[in-house]
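Computed from a prediction, not measured in an experiment: that's the story for all the values here. These numbers come from the heavy atoms of this one structure, side chains and all, not from hydrogens, waters or symmetry mates.
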Amino acid sequence: MANAVIMPKAGITVESCIIGEWVKKVGDQVKIGDVLFTYETDKASFECESTAEGELLDIFFEEGDEVPCLVNVCAIGVKGEDCSALRGGSASDAPAEAPAAPAAAPAAAPAAAACATKARGVLMPKAGITVESCIIGEWLKKVGDQVKVGDILFTYETDKASFECESTEEGELLAIFYEEGDEVPCLENVCAVGPHGEPTDCLKGIGGTPAAAEVAPAAEAAPAAAAVAGGVETVIMPKAGITVESCIIGEWMKKVGDQIKIGDILFTYETDKASFECESTAEGELLEILYQAGDEVPCLEAVCKVGVAGAAAAPAASNAPVSPRAKKLAASAGVDASLATGTGPNGRIIERDVRELMANPPAVAAAPAAAAAPASVAAAPVAPAAPVAAAPEAEAEYKDVKFSGIRRAISKSMTTSLHTMAQLTHNTSFDATAILNYRKALKAAGGDYAGITLGDIILYAVSRTLLNHPDLNANMLDDNNIRLFNHVNLGVAVDTPRGLMVPTIRHADEMSLLEISKAVKALAAECRDGAISPDKLSGGSFTVSNLGNMGVESFTPVINPPQTGILGVCGTIDRVRKGKDGGIELYPAMGLSLTYDHRAVDGTPAAKFQKELAFNLENFTVLLSK
């Protein structure tokens with residue numbers, strides 16, 4: 001059976017990593033411990049060692065790809081074995097371990113009785129899938145200190161990097177089981193946190209808290225159940241694609257006070273590529289909306305709260321974890337971060353929440369004063385205000401419109417493109433007689449062939465011509481590295497009501513003219529419907545933008561980063577040339593505007609591409625026969 005190797009979790013707060021370089025390739029024989037690839041976070045670089053032995057059957061992500069932690073990166077097994085089921089899977093898909101043998105059950109009874117405690121262990125994090133132990137660096141808390149969830153307890157390090165361990169429990173730091181410099185096995189208790197005076201010996205040398213410690217008296221079971229039933233759950237912003245960091249809320253379909261069931265559509269949201277609907281993951285009353293229509297929300301951050309009415313009115317102080325940045329800001333401002341309402345992932349209090357707390361501090365002192373007011377005063381009727389005639393509203397001279405998510409993304413991408421590249425544009429033209437005649441023949445043929453457009457014909461020619469010009473069929477990784485593609489992944493600019501989108505026709509050089517025509521139409525329809533997957537809008541090696549049907553005779557297309565070139569297709573105009581008989585003749589000329597990144601491509605190679613493309617289009621039936 002084939003085994004998957006997952007992307008390690010290089011730190012407790014790390015959610016994804018970038019693949020650097022593959023050290024092994026498909027077909028190589030791999031042993032446990034062999035370095036398969038390098039990967040990096042925003043902090044450090046690492047090497048991923050194989051956790052399986054056999055042949056490297058398949059690689060699911062390429063160099064430069066961002067991969068979520070604990071997702072399958074490659075498959076290893078016996079040559080010829082089918083590993084397709086592992087693609088897209090993760091560590092969470094693995095079958096559960098077999099239950100312990102029944103004979104071991106009786107032995108657990110004495111230990112359970114001896115380990116009854118309200119204290120909880122804090123584990124040594126597993127800083128990477130291959131990391132077995134970590135070294136404690138410095139303790140930031142000492143025995144007797146009061147600890148909240150999210151407080152930094154100690155620093156620790158592997159042979160690769162250093163990290164901070166946040167407390168997962170609240171209470172007094174009762175015991176420290178390992179000192180600075182000690183090597184601690186991953187997922188073993190490092191210390192114990194809980195109510196003062198609770199025993200901790202039973203937590204030492206194990207991972208977690210024994211099951212017996214979780215058993216509560218029957219009398220306490222009912223209140224616990226009530227607390228759960230009366231709780232509040234947050235609904236988070238989905239992560240609509242592996243590269244998506246934030247989404248824009250479109251329209252709220254529910255309002256505060258509405259009753260919600262699991263699966264109800266709460267709101268619509270959009271990325272810079274497509275629109276989606278967010279279904280509720282909780283049931284109850286919609287208690288609070290944290291973001292409004294048009295707001296940009298980081299993925300996996302709380303968007304609203306659903307639960308039982310009145311449950312949100314809990315004590316002012318919160319047990320939610322506090323991010324280090326939020327904690328630092330609160331300390332400098334002299335406010336209690338625990339009083340803030342957490343809007344981060346899983347209710348985490350982040351910097352924005354502390355700033356909101358600073359701007360709108362809770363009115364703690366005002367409540368008693370209000371309560372002490374005489375009842376007669378409180379009950380005194382308020383005279384109704386005299387109605388004021390509404391003044392006629394003057395006609396506005398202008399209207400400020402906030403950019404949509406996709407408009408913002410286009411703005412950012414185009415600005416980055418022009419600021420980071422040495423862009424230059426060549427304008428040429430060719431005799432379009434051949435492709436115009438061929439288009440007429442296709443239209444006369446009827447059926448699917450009648451739908452093939454001049455734009456499809458140009459895409460076909462570009463996909464074949466680019467193979468001879470690798471520097472244009474490429475991505476600039478940085479100022480010193482370029483990725484040359486073996487196939488043409490052709491981006492096609494599509495105008496939609498929401499803005500410009502560029503879906504990708506993968507391996508266009510292997511497709512027929514009819515296949516390219518159908519692929520373009522399908523992708524364009526998905527873009528205009530707002531239903532296209534973000535994965536179909538990435539990975540392009542070259543882009544074509546066609547403004548010919550708008551009558552544009554020449555323009556300067558802007559490169560879609562990190563590509564090195566983009567072709568602008570212009571309209572057809574009649575031009576004059578000298579005929580074979582020496583007279584003057586008209587011919588239909590179509591313009592081509594090529595913008596290229598001068599860091600990667602010089603002027604002569606760019607002109608050679610345009611010349612070859614023009615020849616292929618002027619002799620299109622010859623190109624089809626190749």
Side-chain angles (χ1 to χ4, degrees), residues 7 16-28 35-42 45-48 56 58-68 73-74 87 241-244 273 412-414 416-424 459 462-493 502-511 534-545 557-567 594-606 608-609 613:
M7 173 60 74
S16 62
C17 304
I18 308 292
I19 292 181
E21 177 187 0
W22 276 97
V23 180
K24 299 289 185 179
K25 62 181 184 295
V26 172
D28 285 355
V35 176
L36 296 174
F37 58 90
T38 63
Y39 64 98
E40 59 188 26
T41 67
D42 58 341
S45 297
F46 307 90
E47 292 178 339
C48 179
L56 182 53
D58 199 2
I59 289 175
F60 304 143
F61 295 91
E62 301 300 330
E63 295 174 1
D65 286 351
E66 182 176 5
V67 185
V73 182
C74 62
R87 182 182 291 273
I242 198 168
T243 61
V244 177
K273 307 296 194 302
K412 182 178 179 181
S413 177
M414 295 299 97
T416 300
S417 176
L418 291 172
H419 285 184
T420 59
M421 295 187 191
Q423 299 192 29
L424 186 65
L459 291 175
V462 169
S463 71
R464 269 56 182 179
T465 308
L466 274 175
L467 295 174
N468 297 327
H469 304 271
D471 287 343
L472 280 168
N473 187 45
N475 284 178
M476 279 288 288
L477 304 181
D478 52 47
D479 287 337
N480 300 310
N481 293 282
I482 186 171
R483 175 174 294 164
L484 306 179
F485 288 85
N486 295 324
H487 293 280
V488 178
N489 296 330
L490 203 54
V492 183
V502 186
T504 303
I505 306 173
R506 301 185 185 277
H507 288 211
D509 55 300
E510 296 181 332
M511 300 171 70
D535 296 335
K536 295 181 180 180
L537 295 160
S538 61
S541 58
F542 187 85
T543 294
V544 175
S545 178
V558 179
I559 296 173
N560 188 20
Q563 297 170 20
T564 59
I566 181 172
L567 180 71
L594 174 70
T595 298
Y596 57 95
D597 187 347
H598 215 321
R599 296 177 302 167
V601 185
D602 292 330
T604 298
K608 287 181 177 178
F609 165 76
L613 178 60

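Residue-environment remark: CG (Asn486) stays at or below the threshold of 12 foreign heavy atoms within 6.0 Å.
Summarising the geometry of Phe542 relative to Leu472, their closest heavy-atom pair is CD1-O, 3.3 Å, with the distance given to 0.1 Å. Taking all atoms of both residues into account, the shortest heavy-atom contact from Ser413 to Pro561 is OG-CD, 3.8 Å. For Ser417 against Ile559, the heavy-atom pair with the smallest separation is OG-O, 2.7 Å. For Val35 against Lys24, the heavy-atom pair with the smallest separation is O-CG, 3.6 Å. Across every non-hydrogen atom of Trp22 and Phe61, the tightest pair is NE1-O, 3.0 Å. Residues Asn489 and Asn473 approach most closely at N-OD1, 4.4 Å, considering heavy atoms.
Rounding to the nearest 0.5 Å gives a distance of 4.5 Å between CE of Met7 and CZ of Phe37. Taken from CG in Leu477 to CZ in Arg483, the straight-line distance is 5.0 Å, to the nearest 0.5 Å. Between atom CZ of residue Arg464 and atom CD of residue Glu510 there is a gap of 8.5 Å, rounded to the nearest 0.5 Å. How far CG of Leu424 is from CG of Leu594: 9.0 Å, rounded to the nearest 0.5 Å. The SG atom of Cys17 sits 8.5 Å away from the CD atom of Glu66 when rounded to the nearest 0.5 Å. The NZ atom of Lys608 lies 10.5 Å from the CG atom of Asp602; values are rounded to the nearest 0.5 Å.
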CA sep, side-chain torsions, deciding dist, call: Thr595, Gln423, side-chain hydrogen bond (donor to acceptor under 3.5 Å, both in side chains): CA-CA 6 Å; Thr595 298; Gln423 299 192 29; 5.3 Å; no
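A donor-acceptor pair under 3.5 Å is formed between the side chain of Asp509 and the backbone N or O of Val488.
Aromatic ring orientation, His487 versus His507: parallel (interplanar angle below 30°, classes split at 30° and 60°).
Only one option out of Leu459, Val544, Thr504 pairs with Val492 in a side chain to side chain contact (heavy atoms under 4.5 Å, CB included); it is Leu459. Of the candidates Asp479, Asp478, Asp471, Arg599 forms a salt bridge (Lys or Arg N to Asp or Glu O under 4.0 Å) with just one, namely Asp479.
At least one side-chain heavy atom of Cys74 sits under 4.5 Å from a side-chain heavy atom of Leu36. Inter-residue side-chain proximity for Leu466 and Phe609 is flagged as met; some heavy-atom pair is nearer than 4.5 Å. The side-chain heavy atoms of Thr564 and Met421, taken from C-beta on, include no pair separated by under 4.5 Å. Inter-residue side-chain proximity for Val558 and Ile566 is flagged as unmet; no heavy-atom pair is nearer than 4.5 Å.
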